[in-house]
Amino acid sequence: PVALVSTQDPKLDVAFLLDSTASMGNIIGMAKRRAADIQQGIRSSGVFGAETRFGLADFRDYPQYPYGWFGDYPFRLRQQLTTTDALWEG
């Protein structure tokens with residue numbers, strides 16, 4: 001038998017999608033902290049390496065009555081996939 005072993009780190013892309021509708025307002029901060037913990041856990045695992053890419057998007061409602069409102073949007077990309085750890089600043 002022949003075993004093929006890769007000498008490269010496995011690649012991983014992770015996209016976080018947050019519900020930022022008004023009803024989630026009181027737990028968005030907690031969700032961001034947990035996502036940052038997940039990101040740090042993946043980084044420190046030593047399994048996927050520094051090339052792991054992370055992205056961030058959020059969604060609200062369509063800006064239509066009765067659920068959506070002015071300024072709402074169905075989806076917004078906040079950060080394209082990147083190897084940076086600065087997703088949660090700002």
Determine, stepwise, if the pair T83 / T52 fulfils side chain to side chain contact (heavy atoms under 4.5 Å, CB included).
-> CA-CA 6 Å; T83 56; T52 300; over 6 Å; no
Salt bridge (charged side-chain N to carboxylate O under 4.0 Å, His left out) against R43, all qualifying residues, sequence neighbours excluded | D85
Under 4.5 Å between side-chain heavy atoms, chaining through other members, with only Ile, Leu, Val, Met, Phe, Trp and Tyr counted: pull out the rest of the cluster around M30, sorted by chain and number.
-> M24, I27, I28
Would you indicate whether the side-chain heavy atoms of F59 and L18 approach each other to under 4.5 Å?
-> no
Which donor-acceptor pairs under 3.5 Å do side chains of residues 60-71 form with protein atoms, sequence neighbours excluded?
| residue | atom | partner | partner atom | Å |
| --- | --- | --- | --- | --- |
| R60 | NE | S20 | OG | 3.4 |
| R60 | NE | Y73 | OH | 3.2 |

Might you work through the side chain to side chain contact (heavy atoms under 4.5 Å, CB included) test for L17 and F75, ending with a clear yes or no?
-> CA-CA 9 Å; L17 180 61; F75 173 86; 4.0 Å; yes
Looking only at non-hydrogen atoms, find the nearest pair between Q80 and L77 and report the distance.
-> CG-CD2, 3.5 Å
Kindly write out the residues that satisfy side chain to side chain contact (heavy atoms under 4.5 Å, CB included) with L81, not counting sequence neighbours, or none if the list is empty.
-> D13, R53
Across all chains, not counting sequence neighbours, the side-chain hydrogen bond (donor to acceptor under 3.5 Å, both in side chains) partners of D19 are T21
Taking atom CD of Q39 and atom CZ of F16, what is their separation to the nearest 0.5 Å?
-> 6.0 Å
Counting only heavy atoms not in R34, do more than 12 sit closer than 6.0 Å to its CZ atom?
-> no
